[in-house]
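Proteins come first, then strands; the chains are lettered A, B, ... in the order of their sequence lines, and each starts at number 1. Since this is a predicted model, take the numbers as computed values, not measurements.
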Amino acid sequence: MTSNHTPAPSHTQGGPRRAGVMTDVHRRFLQLLMTHGVLEEWDVRRLQKHCYRVHDRTAAVEELEDFINNINSVLESLYIEIKKGATEDDGRPVYALVNLATTSVSKMASDFAENELDLFRKALELIIDSETGFASSTNILNLVDQLKGKKMRKKEAEQVLQKFVQNKWLIEKEGEFTLHSRAILEMEQYIRETYPDAVKICNICHSLLIQGQSCETCGIRMHLPCVAKYFQSNSEPRCPHCNDYWPHEIPEVFDPEKEREAGTSRATKRSLRSRQH
Amino acid sequence: MPRGQKSKLRAREKRRQARCEIQALKEAQATAAAAGESPSACALSGGRSAAVTPRRPQGAASSTSADAALSGTDSDEGARSQDEGSPRSSKGSEVSHRDPLNKKVVLLVQFLLQKYQKREPISKADMLKFAIKKYRHQFNEILKRASEHMELAFGLDLKEVDPIRHCYTLVNKLDLTDGSMHEDENMPKTGLLMIVLGVIFMKGNCAPEEEVWEVLNMMGVYAERKHFIYGEPKKVITQDLVQLQYLQYRQVADSDPPRFEFLWGQRAYAETSKMRVLEFLAKIHDTVPSAFPSWYEEALRDEEERARARAAARARTAAMASARARALASSFSHPK
């Protein structure tokens, strides 16, 4: 049982970066990550271990961060990378294989028709322009007449929206839609380039912000998990920008250990959460 | 009497086609050698008139408003593409982000990955349309480089399954050829397929659905339970793998209430063999293929059949190639 140790081809070598060494363990990992679209960190770790078990049982499991950096250095010349992010509502770390430097909806392009893609774009715009990061189903469906391509009826559009949810591009919550963490990971660059004025940025991590909390005085915004981390064990939270009292409830920092302890109740939690994620 | 324009053009076209054929034949032989497939006919891209104006397809792939850095520069470099397009060696050349071919390689890789995920066959026409576009004359070089990337980074092998219609597929090197198939319940999707193929084979090449599930259940795969790797196993084996032609799923004749059975699909016959499946099963049971004498016999007969078919195909292609070469030679010596 040999793992294929192949150094990256020399034409990926740009500057001082070391070319990574890809083995079948990494390749299997990539294949599986790809099929999932987006994966939570604990699943990613399980996946990594599975790949070692299948291809190289004797090897020590590399630290996840190094493992991923290794893979990314080989993927660099392909403008693809494994990107790490976090869910906006409770800060669970997630990973996705994203295309860099390509048109945003390219990954969706082969799964959806022209009018469906346009529906997504319309929903995206509404989400970005909204105050809460959510766009109501009604508002989205009202734009159905403006879609490019084949005419779409509202009933159809409802189903297409559900397709987006199933494919993890949108999340639905009580009749309103926001972006799934997968979409944020894949499309952040596109969104920032396309809607430079409307786009919101988190004051703490400086990444794209769709859902979050905002200061009522000066208007700066923060992701919920960023709020959690920033104000952790701070009894008098104040806005980092204008120092005014921070009026919102401070969420808890995501704790993967607590998740694992939850054990059996996780199964129910996951099925509930799968509507949100 | 000097040759007219038409005849000059025709001769030029023929020469270009011949060059392209030889190149394609060489390349195809290199890649197909291991697979034992007959080398493909000439990639027709070289034969197409260069006068075709490349247009960006109006399909979904390019309907977004923001143009990426990648596709945006196409219009500038398009005019020069014919001159710059000399294939560069992928070994030892420095990183060239300005290399226009490189961008196409990147696009093609991303396109192939999408196709792989959807487990759809890949046609050359689609590759040209969605990824290669103006650079159709460098199709072979771009394809070659993209294949290298696919193999290196993802362990996926790009194979031409239909040399006439130029259809390709991506074969997972890590599963079918990897001898270290692990008898773990966490097997990748292709492991699932191999098991089902095995059950079908062992039941005389046609297996009732209940018996397939009996075996899968023993490996912790259930019809009504979501699986960590496979997702929805029932959907995978009754729909996805059927659509991809790896399996056939049909109703047992005159069954009421309706019962169903599985058979091997056309693509399973193309991409694996009874012997490989038997090897896989033997490994799972910690034994050797010959421990199952009757199936072993059948698998051996199947191997012989395949070897004969391969030899016949090779002979046919050799005959075709030499016939073509003779035709060309004669047309040069008899100018019209």
>> Would the distance check show the side chain of A:Gln31 and the main-chain N or O of B:Phe154 forming a donor-acceptor pair, the cut-off being under 3.5 Å?
In response: yes
>> Using every non-hydrogen atom in the two residues, find where B:Ala153 and A:Leu75 come nearest and quote the distance to one decimal.
In response: CB-CD2, 3.9 Å
> What heavy-atom pair brings B:Leu113 and A:Met34 nearest, and what distance separates the two atoms?
Replying inline: CD2-SD, 3.5 Å
>> The test is side chain to side chain contact (heavy atoms under 4.5 Å, CB included); show your working for A:Tyr79 and B:Lys103 and say whether it passes.
In response: CA-CA 10 Å; A:Tyr79 294 89; B:Lys103 294 191 192 112; over 6 Å; no
Measuring from [X]:[atom1] to [Y]:[atom2], what's the distance to the nearest 0.5 Å?
{"X": "A:Asn99", "Y": "B:Gln114", "atom1": "CG", "atom2": "CD", "answer": "7.0 Å"}
{"X": "B:Leu156", "Y": "A:Arg27", "atom1": "CG", "atom2": "CZ", "answer": "10.0 Å"}
{"X": "B:Leu152", "Y": "A:Met22", "atom1": "CG", "atom2": "CE", "answer": "6.0 Å"}

> What part of A:Leu78 gets closer than 4.5 Å to chain B, counting heavy atoms only: side chain, backbone, both or neither?
Replying inline: both
> Quick check: are there more than 12 heavy atoms from other residues, nucleotides or ligands sitting under 6.0 Å from CD of A:Gln162?
Replying inline: yes
>> A quick test of your reading: do over 12 heavy atoms of other residues, nucleotides or ligands sit less than 6.0 Å from CZ of B:Arg225?
In response: no
